[in-house]
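In what follows, a single structure is set out as structure tokens and then discussed.
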Amino acid sequence: MSGGGGRLRLAVLYGAEPYQAYHVSDIAAALSRDPDVELTIVTVDPAIDPLLARLEAGEFTYPVAHERLHSSLTTRLLRRARLFGNMKKQVLAHPRNLAR
């Protein structure tokens with residue numbers, strides 16, 4: 001999908017536990033350095049935000065948008081209780097997220 005000005009629009013999804021950021025942040029930073037890429041960071045769990053802020057500090061050349069996928073109340077409560085992992089499938093399959 002191409003964004004305004006012919007830039008390639010890409011999203012990096014952090015959909016698992018916060019430690020996943022260590023595996024993906026270097027890739028996201030490299031993508032952010034490409035002037036032809038419009039990068040968006042997409043998260044599911046707010047617990048990852050402080051870690052991302054530390055990992056992104058000084059690494060991203062161009063501004064990077066951040067978005068959070070919608071999670072139902074049930075999914076948020078189960079995730080907070082640390083039951084059934086991060087409820088990734090339920091979040092990704094939510095109608096608000098499928099309409100993106």
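For reference, positions follow the sequence shown, starting with 1. Keep in mind that what you see is a predicted model, and the values were worked out from it rather than measured.
For the atom pair CG of Asp45 and OG1 of Thr43, the computed distance is 8.0 Å after rounding to the nearest 0.5 Å.
Contacts of Ser72 classified as side-chain hydrogen bond (donor to acceptor under 3.5 Å, both in side chains), with partners at least two apart in sequence or in another chain: Thr75. By the side-chain contact (heavy atoms from CB on, under 4.5 Å) test, Ile27 pairs with Leu31, sequence neighbours left out. Residues that satisfy the side-chain contact (heavy atoms from CB on, under 4.5 Å) test with Ala29, not counting sequence neighbours, are Arg33, Glu59, Phe60. Looking at residues two or more places apart in sequence or on another chain, you find a side-chain contact (heavy atoms from CB on, under 4.5 Å) between Val24 and Val12, Tyr14, Gln20. Judged as a side-chain hydrogen bond (donor to acceptor under 3.5 Å, both in side chains), and not counting sequence neighbours, the contacts of Asp49 are Arg68.
Two residues are said to be in side-chain contact when any heavy atoms from C-beta on lie closer than 4.5 Å; Leu13 and Leu69 meet this criterion.
Of the possible donor and acceptor atoms, one in the side chain of Arg7 sits under 3.5 Å from a partner among the backbone N and O of Val37.
Taking every heavy atom of both residues into account, Ala28 and Leu39 meet most closely at O-CD2, 3.3 Å.
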